[in-house]
Amino acid sequence: MTNKKIKTIFIGTPDFGIPVLISLISDKNFDILGVITQPDKKVGRQQILTETPIKKIASSYNIKVWQPKKLKEFADEIKKLEPDLIVVVAYAQILPKAILEIPKYSCINIHGSLLPKYRGAACIQAAILNGDEETGITIMKMDEGLDTGPIIAQEKIAIETNDTGEKIFNKLSELAGEKAAPIILDYIDNKSELKPQDNSQASLTKLLDKDDGKINWQKSATEIERLVRAMHSWPGAFTNFNSRTLKILETDQNILSINNRHQTGEVFLHNNEVAVQCGQDALVLKKIKLEGKNETAAIDFINGHRDFIGSILR
RNA sequence: CGCGGGGUAGAGCAGUUGGCAGCUCGCCAGGCCCAUAACCUGGAGGUCACCGGUUCAAAUCCGGUCCCCGCAA
């Protein structure tokens, strides 16, 4: 074991990396030289300039924060710091070669899928959309590609039938926080075996767009049920009712095998529950939210919107 | 000052030429029925977000405050 502290730079932006950052800060083996995160952005209804979640945490621990617009232009600065290790968790930029070469223990990335499946940004949602029964985190040594580096370790979790994108996000985030430090220490002590990724099994996920949450009722109820869970809580699954955006927050996990009795997208009552006809089978709505209104149980929603039953969602 | 919707009974919503506050569901009581989540009758339940103004009279008009939400980012 090294008797000197490992001089480490942490790079990340959203909440996802917080547990990892905190575990590294708390671990006496690491000396966090500083944190690199995205520049502050205007956020929310009031367009308030807001710090990234990682910046808030770093600041609260009095850790130096840098927010370069382009990482490439910051390579020289990093070099001067002489880091032994760089840990990247969800930064949203690819690290240039000039930076990858700096730390002697290289750059390590923690990714929210079981690579080589679901490289890229929407890895967590992809696992739910595809109906996978498990997902996990991959800790890997970075190379110049997007999530293509050799794997140091993987940790799996099961995807429950009621798991949403947000829940998996949190579970994986916590899992990463627990496992990151010990796995990285093993790696530095040369106790881990690096396995190259099998590129033939690789898949790529693109960054989610708001429109990715738009429901196409032509699809099967099974697919839409997964979409609703995967997109929760951002960007959220939505449809259109009376020219207003209607968010579908939660559906019943049990699909109704009902076909040919209603038009696609038609809302109907079934066993005192609100259902929508899909391209294949039908889906029972549980929680919905109309634009400008609060979250509502679907069955309560119809009390004040008598025309909902029988309407066609588009 | 980014744009926009909203706050009315336990829930979901109507209700602005100012004039006794309504609907659907739920709840309570009774009735019908072999029976019911069905149906009928009756009932309870509101400081109309808050503060101030105009008026004989404000949920409604005017000014201000708080809170919730959609878009955009």
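What's counted below: heavy atoms across the whole structure, side chains too, no hydrogens, waters or symmetry copies. Proteins come first, then strands; the chains are lettered A, B, ... in the order of their sequence lines, and each starts at number 1.
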> What does A:Arg45 touch in the nucleic acid at a heavy-atom separation under 4.0 angstrom: a base, only the sugar-phosphate, or nothing?
Replying inline: base

>> Looking at A:Lys214, I'd like to know if its NZ atom is crowded, meaning that more than 12 non-hydrogen atoms belonging to other residues, nucleotides or ligands lie closer than 6.0 Å.
In response: yes

>> Which nucleotide, if any, forms a Watson-Crick or G-U wobble pair with B:U17, using both distances under 3.5 Å?
In response: none

> Taking A:Asp198 for the side chain and A:Ser200 for the main chain, is one N or O donor matched with an acceptor at less than 3.5 Å?
Replying inline: yes

> With rounding to whole Å, what would you report as the distance between B:C23 and B:C32 at their C1' atoms?
Replying inline: 25 Å

> When you compare B:C67 with B:U8, how far apart are their C1' atoms, in angstrom units rounded to a whole number?
Replying inline: 16 Å

> Do you know the tightest heavy-atom contact between A:Leu207 and A:Ala121?
Replying inline: CD1-CB, 3.5 Å

>> Could you tell me how far B:G63 sits from B:C68 if I compare only their P atoms? Round to whole Å.
In response: 24 Å

> A:Asn294 side chain: which of B:G12, B:C68, B:G70 is closest?
Replying inline: B:C68

>> Using a 4.0 Å heavy-atom cut-off, does A:Lys247 contact any base of the nucleic acid, only the sugar-phosphate backbone, or nothing at all?
In response: sugar-phosphate

> What does B:A57 pair with, Watson-Crick or G-U, if both distances are under 3.5 Å?
Replying inline: none

> Hey, what's the ring geometry for A:Phe268 with A:His270, parallel, tilted or perpendicular (30° and 60° as the breaks)?
Replying inline: perpendicular

>> Within the 4.0 Å heavy-atom criterion, would you say A:Asn303 contacts the bases, only the backbone, or no part of the nucleic acid?
In response: base

>> Applying the Watson-Crick and G-U wobble criteria at under 3.5 Å, what pairs with B:G2? Answer none if nothing qualifies.
In response: B:C71

